[in-house]
Number of protein chains: 2
Amino acid sequence: MPVDRVIAAAVELVDEVGPGEFSMRLLAQRLRSSTATLYRHFAGKDEIFVHVVEHVLGEVPRHLPELPDEPTWQDLLGATADALFRTLKEHPNVAALFGDQVPLGPRALAGREAAIGILLAGGFTAEVAAKAYTAVGHYVVGFATQLRAGGTSDEKEENHDLREFYRTLDPARYPATVASAAFLPISLDDEFRFGLQLIVDGLARQLPHAGDRAPRG
Amino acid sequence: MPVDRVIAAAVELVDEVGPGEFSMRLLAQRLRSSTATLYRHFAGKDEIFVHVVEHVLGEVPRHLPELPDEPTWQDLLGATADALFRTLKEHPNVAALFGDQVPLGPRALAGREAAIGILLAGGFTAEVAAKAYTAVGHYVVGFATQLRAGGTSDEKEENHDLREFYRTLDPARYPATVASAAFLPISLDDEFRFGLQLIVDGLARQLPHAGDRAPRG
DNA sequence: ACCTGAACACCGTTCAAGT
DNA sequence: ACCTGAACACCGTTCAAGT
């Protein structure tokens with residue numbers, strides 16, 4: 001029973017049924033094995049979830065978008081956050097696992113290193129880089145966590161229901177909510193990029209207004 | 001068995017043991033009742049969790065900080081986000097419940113209404129107000145979700161362990177991580193306010209540069 | 001060495017039976 | 001009407017016993 005096979009099956013199972021319905025018995029069944037065998041390779045369910053998160057983080061680099069020839073740190077940071085968001089969009093049930101663990105596997109560390117490296121190269125101090133990383137990271141995870149809030153139904157229908165709900169509220173009592181509901185549903189990607197842009201632009205204004213673009217050579 | 005008593009006890013229980021260890025049996029025990037009685041008042045565990053979230057959101061107004069005499073929309077939006085964050089800091093285990101539900105109770109709606117109202121009064125279009133609300137909301141919830149990631153141990157020790165971990169990494173392999181780890185632990189409140197400031201400042205730059213402050217009278 | 005059926009102490013939820 | 005003990009079909013985890 002190779003551990004990689006267990007982890008791959010665990011990712012599939014979390015994707016399909018979510019962390020709540022995930023069980024060691026289901027996983028063992030899917031592997032045509034027994035729960036006791038799983039405990040020979042992993043300390044328990046939580047340890048398997050740690051590996052699930054780490055495995056999914058390994059997919060982030062594949063989601064990096066095209067970049068301009070001489071990307072600014074804004075391009076690079078935005079692309080990194082975007083890639084993480086795209087990855088979690090493909091595994092919305094995995095996003096919920098971030099509430100129970102701080103990912104510290106090699107892939108997680110590589111991501112942290114890359115992001116902070118981008119900020120340091122962009123001219124930020126180590127202190128601001130650390131804070132900026134946390135702000136961006138929590139923003140992405142916060143968004144991704146909400147991807148599956150409210151059930152497994154598909155996004156369009158979900159958004160439609162929510163909009164209808166907000167629209168049918170009493171406009172005397174909830175005037176701002178009703179007015180803004182007219183513009184729902186904005187696509188999740190648009191909403192995500194809007195907030196990300198705010199953060200990245202805000203960071204840019206923290207610099208002494210050089211170093212936005214690394215000098216050539 | 002008044003429902004309010006059940007909800008109050010449920011909030012206490014989630015606070016103490018977290019959503020994972022929460023059980024209908026424990027709750028019934030604490031109320032000196034039986035699980036079957038709980039099911040006479042609530043459809044099930046998930047419905048109780050919905051009421052727990054709603055109850056906790058009711059505490060947000062109590063956490064609103066002092067405001068200047070003529071607050072700008074930035075003051076108001078920042079104060080609202082801050083109050084939500086403080087509330088969730090007092091109930092870190094409740095923050096995890098946001099991953100499974102979109103809060104739609106009266107208290108949740110009142111909060112949404114207040115926040116979007118602040119943005120509309122600040123001069124934003126309904127569309128931007130909706131997006132801005134989502135960005136701020138997801139940022140706060142994302143931050144709050146991480147409050148309890150990694151266990152129930154207290155914040156200082158938790159941060160200390162993390163910093164030690166990052167510091168003892170191989171600096172050749174993780175130079176940026178190690179360099180920035182010297183500045184950990186930054187207090188969670190500082191980190192939170194840093195990112196929130198970025199978002200609020202970013203929003204301000206979306207305005208046609210009037211209306212930052214509502215004109216008197 | 002590696003695997004497993006069966007067990008233990010739990011769950012969420014339901015229901016017949018009590019007052 | 002309102003409550004409850006006991007049951008059902010599940011969990012995560014462990015362990016004696018098999019090959």
Side-chain angles (χ1 to χ4, degrees), chain A residues 1-55 93-94 96-101 103 148-153, chain B residues 1-55 93-94 96-101 103 148-153:
Chain A
M1 177 64 62
V3 293
D4 286 353
R5 207 161 79 82
V6 178
I7 295 166
V11 171
E12 269 183 40
L13 190 53
V14 171
D15 282 346
E16 287 174 32
V17 305
E21 299 297 312
F22 178 100
S23 81
M24 298 298 269
R25 279 172 174 81
L26 275 177
L27 180 57
Q29 218 171 74
R30 185 166 294 220
L31 291 162
R32 284 179 223 291
S33 177
S34 76
T35 56
T37 297
L38 295 175
Y39 283 89
R40 291 192 55 73
H41 298 285
F42 301 92
K45 194 178 152 178
D46 288 349
E47 192 179 300
I48 290 184
F49 280 169
V50 167
H51 284 91
V52 165
V53 168
E54 172 73 4
H55 181 97
N93 287 331
V94 173
L97 299 178
F98 281 78
D100 295 307
Q101 51 175 297
R148 49 165 239 124
T152 325
S153 58
Chain B
M1 176 65 59
V3 292
D4 286 352
R5 207 161 78 82
V6 178
I7 295 167
V11 172
E12 269 183 39
L13 190 53
V14 171
D15 282 346
E16 287 174 31
V17 305
E21 300 297 311
F22 177 101
S23 82
M24 299 297 270
R25 279 172 174 82
L26 276 176
L27 180 58
Q29 218 170 74
R30 185 166 293 221
L31 291 162
R32 285 180 221 291
S33 176
S34 76
T35 56
T37 298
L38 295 175
Y39 283 89
R40 291 191 55 73
H41 299 285
F42 301 92
K45 193 178 153 178
D46 287 350
E47 192 180 300
I48 290 185
F49 281 170
V50 166
H51 284 91
V52 166
V53 168
E54 171 74 2
H55 181 97
N93 288 331
V94 173
L97 298 178
F98 281 78
D100 295 309
Q101 52 175 297
R148 48 165 241 122
T152 325
S153 58

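Below, chain A is the first sequence line, B the second, and so on; all start at residue 1.
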> Under a cut-off of 3.5 Å for both distances of each Watson-Crick or G-U pair, what dot-bracket string does DNA chain C give, using [ ] for crossing pairs and | for inter-strand pairs?
||.|||||...|||||.||
> Distance check, rounded to the nearest 0.5 Å: F22(B) atom CZ versus N93(B) atom CG?
12.0 Å
> From C-beta outward on H41(A), which listed nucleotide comes closest to its side chain: dG12(C), dC3(C), dT14(C)?
dC3(C)
> Out of dT13(D), dT4(D), dT4(C), which nucleotide sits closest to the side chain of S33(A)?
dT4(C)
> Rounded off to whole Å, could you give me the CG-to-P distance for the L38(B) and dC2(D) pair?
15 Å
> Can you tell me the distance, in whole Å, between the OH atom of Y39(B) and the P atom of dC11(C)?
12 Å
> Expressed as a whole number of angstroms, how long is the span from R5(B):CZ to dC3(D):C1'?
14 Å
> Just to be sure I understand the geometry, which residues of residues 20-29 of chain B put a non-hydrogen atom under 4.0 Å away from DNA chain D?
R25(B)
> With rounding to the nearest 0.5 Å, note down the distance linking NE2 in H55(B) to CG in D4(B).
8.5 Å
> Find the distance K45(A):NZ to dC10(D):P and express it as a whole number of Å.
16 Å
> Please report the interatomic distance NZ(K45(A)) to CD1(I48(A)), rounded to the nearest 0.5 Å.
10.0 Å
> Over how many whole Å does the gap from E47(B) atom CD to dT13(C) atom P extend?
10 Å
> Roughly how many Å is it from CZ in R40(B) to C1' in dT19(C), rounded to a whole number?
13 Å
> How far does CZ of R32(A) sit from CE of M1(A), to the nearest 0.5 angstrom?
11.0 Å
> Side chain of A36(B), heavy atoms from C-beta onward: which of dC2(C), dC2(D), dG5(D) has the nearest atom to it?
dG5(D)
> Measure CG/D100(B) against P/dG12(C) and give the value in whole Å, please.
14 Å
> Check D100(B), V94(B), L97(B) against F49(B) for a side chain to side chain contact (heavy atoms under 4.5 Å, CB included) and give me the one that passes.
L97(B)
> Once rounded to the nearest 0.5 Å, what's the spacing between atom CG of L13(A) and atom CG of L26(A)?
5.5 Å
> Compare all side-chain heavy atoms of D15(B) with those of V11(B) and state whether any distance is below 4.5 angstrom.
yes
> So, is T37(B) close to the dT4(D) phosphate, meaning a side-chain N or O under 4.0 Å from OP1 or OP2?
yes
> Rounded to the nearest 0.5 Å, what's the gap from CD on E12(A) to CZ on R30(A)? Could you check?
6.0 Å
> Take atom CD of E47(A) as the centre, draw a 6.0 Å sphere, and report whether it contains more than 12 heavy atoms from other residues, nucleotides or ligands.
yes
> Expressed in angstrom and rounded to an integer, what is the separation of M1(B) atom CE from dT4(D) atom C1'?
12 Å
